[in-house]
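Residue numbers run from 1 in the order of the sequence given. Start at 1 and go down the list; that is how both ligands and their atoms are numbered.
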Amino acid sequence: MKVVSLIGARPQYIKEAVLNKAFREADIEEIIVNSGQHYDYNMADVFFEKLNIKAPDYNLKVGSGLHGEMTAKIMIEFEKLVMDIKPDVILVYGDTNTTLAGAIVTAKLKIPLAHVEAGLRMFPKDMPEEVNRTLTDRISNYLFCPSKLPVENLKKEGITKGVYLTGDVTYDLYLQSKDHFDYSVYKEMGLEDNNFVLVTLHRDYNVDDKKRFGEILKALNELSKETRIVFPIHPRSRKRIEEFGYEDYVKNIDILEPMDYLSLMGLMEHCKSVITDSGGLQKESYYCKKPGYLLMPDPAWHELVELKMNYLCEPEELLKKMKEKKEYNYVPNVYGQGDAGVKIVNILKEEINV
Ligand code: UD1
């Protein structure tokens, strides 16, 4: 079986680490294509190096751009490549522009399409990621769902064929790499266990909206008077802080460069709580048993909010919600047993007749 995986952004590099290992162990040839949607060293290469992912076989080097432009560029280059490679199945991951571009090309070439992290649904419906994932699910042949809820979401849309509940590959990665988390940043910064808040923000609805981003940073500024805040910052958010002139709001915050997975998890294991708008981080905060405060209109992972391990907040209520006294009752295995990657590879082995 010849497999192609198309990846291109930070969260996909992380998921690829698990699949790449599982394919290697099953002795299956996996050809990795990187669209190059993310290209800074700290946003891309560092993940391949630190997570032992084989270097991509191809890099389409599309870089940044308008959504249509980026998607179209990936489609043009990926189509040529796929016609040449002639894979038996193509895997796309999550919900980025790279995911959608790969899905359209694959379906049009009538090659079996597998979607890792299928079935997630979120408001608002016009959010770029929601557009990408719903369209991808619609045309996928194999839909690998990280938990029960996505299976239900797909059912409501009449999608039941090819749907598999596998668990979440990011939970596999957490378990596989826990012993290698990198605590050097934590130590070098002189941070104290359970005594700082870890923040990440990059969603367009938070950081591109001047008023909303201002409210969020004002709240963080207030919080920084009471507790240390560590904020590894996405390039998009850094740009907006400069553009909107918000430097004063972040002067008491430890702003760091974007960080590799192992170092970020090293911080997370020691922090008190997490503030984020990242679908990935909200689950990782749960794996580390830390409360996650979500600055999102809708949580990607409803289970964690219902189970009271994540809290949905508007910027103006963030501090109040963080101060409320509450129990943290960890519920294990919401996202499977840590064998999602192996399950996905086994399903493909069985289903794809070569
Ligand atoms: C993308 C995904 C989002 C995912 C996120 C993870 C889409 C629509 N969004 O959002 O789902 O959660 O990645 O990080 O695909 N930039 C750099 N260097 C880089 C990459 C980006 O400077 O290596 C800057 C560029 O100026 C770019 C901006 O960041 O315009 C945003 O990058 P882009 O890939 O468009 O979207 P993300 O916000 O990263």
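Near Asp95, meaning under 4.0 Å from any of its heavy atoms, are these atoms of ligand 1: 11 (O). Ligand-side atoms of ligand 1 in range of Glu129: 2 (C), 3 (C), 7 (C), 8 (C), 9 (N), 11 (O), range being under 4.0 angstrom from any heavy atom. Residue contact check: His67 has heavy atoms under 4.0 Å from atoms 8 (C) of ligand 1. For ligand 1, the atoms sitting less than 4.0 Å from at least one non-hydrogen atom of Met70 are 35 (O), numbered in the order shown with element in parentheses. Against a heavy-atom cut-off of under 4.0 Å, Arg10 is close to the following atoms of ligand 1: 14 (O). Against a heavy-atom cut-off of under 4.0 Å, Arg203 is close to the following atoms of ligand 1: 3 (C), 11 (O), 12 (O). If you number the atoms of ligand 1 from 1 as listed, the ones under 4.0 Å from a heavy atom of Met43 come out as 19 (C), 23 (O). Every atom of ligand 1 with a heavy atom of Pro11 under 4.0 Å away is listed here by number and element: 6 (C).
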Check the pair Tyr39, Ser64 against side-chain hydrogen bond (donor to acceptor under 3.5 Å, both in side chains), reporting the backbone distance first and the verdict last. CA-CA 9 Å; Tyr39 43 88; Ser64 304; 2.6 Å; yes

The test is side-chain hydrogen bond (donor to acceptor under 3.5 Å, both in side chains); show your working for Thr170 and Glu117 and say whether it passes. CA-CA 10 Å; Thr170 65; Glu117 200 183 86; over 6 Å; no

side-chain contact (heavy atoms from CB on, under 4.5 Å) assessment of Leu223 paired with Leu319: CA-CA 7 Å; Leu223 185 66; Leu319 298 187; 3.7 Å; yes

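Looking from atom 26 (O) of ligand 1 to the surrounding protein, the closest heavy atom is Lys239 NZ, 2.3 Å. Atom 4 (C) of ligand 1 has its closest protein heavy atom at His202 NE2, 3.8 Å. Looking only at protein heavy atoms, the nearest one to atom 14 (O) of ligand 1 is His38 CE1, 3.1 Å. For atom 22 (O) of ligand 1, the closest non-hydrogen atom of the protein is Pro235 CB, 3.3 Å. In this structure, atom 28 (C) of ligand 1 lies nearest to the protein heavy atom Arg236 CB, 4.0 Å. Atom 17 (C) of ligand 1 has as its closest protein heavy atom Tyr39 OH, 3.3 Å. Distance from atom 33 (P) of ligand 1 to its nearest protein heavy atom, with residue and atom name: Gln37 NE2, 4.0 Å. Scanning the protein heavy atoms around atom 8 (C) of ligand 1, the nearest turns out to be Asn97 OD1, 3.4 Å.
Checking only distances, Asn132 never comes within under 3.5 Å of ligand 1, N or O to N or O. Inclusion of His234 in the set of residues having an N or O under 3.5 Å from an N or O of ligand 1 is warranted. Looking at Thr96 next to ligand 1, no N or O pair under 3.5 Å apart turns up.
Counting heavy atoms only, Ser64 comes closest to atom 30 (O) of ligand 1 of the residues Gly63, Ala44, Ser64, Ser237. Within the set Asp40, Asp208, Thr99, Val131, the minimum heavy-atom distance to atom 18 (N) of ligand 1 is found for Asp40.
Distance alone, capped at 3.5 Å, is enough to place a donor-acceptor pair between the Tyr246 side chain and the Lys210 backbone. When atom types are taken as modelled, the side chain of Asn141 and the backbone of Pro112 share no donor-acceptor pair closer than 3.5 angstrom.
With a 6.0 Å radius and a threshold of 12 heavy atoms from other residues, nucleotides or ligands, Lys251 has its NZ atom above the threshold. In Met83, the CE atom is not crowded: 12 or fewer heavy atoms of neighbouring residues, nucleotides or ligands sit closer than 6.0 Å.
Between Tyr171 and Tyr287, the ring-plane angle classifies as tilted under the 30° and 60° cut-offs.
You'll find the side chain of Ile344 stays beyond 4.5 Å of the side chain of Tyr164, heavy atoms only.
Between Phe144 and Tyr93, the ring centre distance reaches or exceeds 6.0 Å. Taking the six-membered ring wherever Trp is involved, the centroid distance between the rings of Tyr13 and Phe48 falls below 6.0 Å.
Of the N and O atoms on the side chains of Tyr183 and Glu269, not one donor lies less than 3.5 Å from an acceptor on the other residue.
Salt-bridge check for Glu77 with Lys73: failed, with every basic side-chain N at 4.0 Å or more from each acidic carboxylate O.
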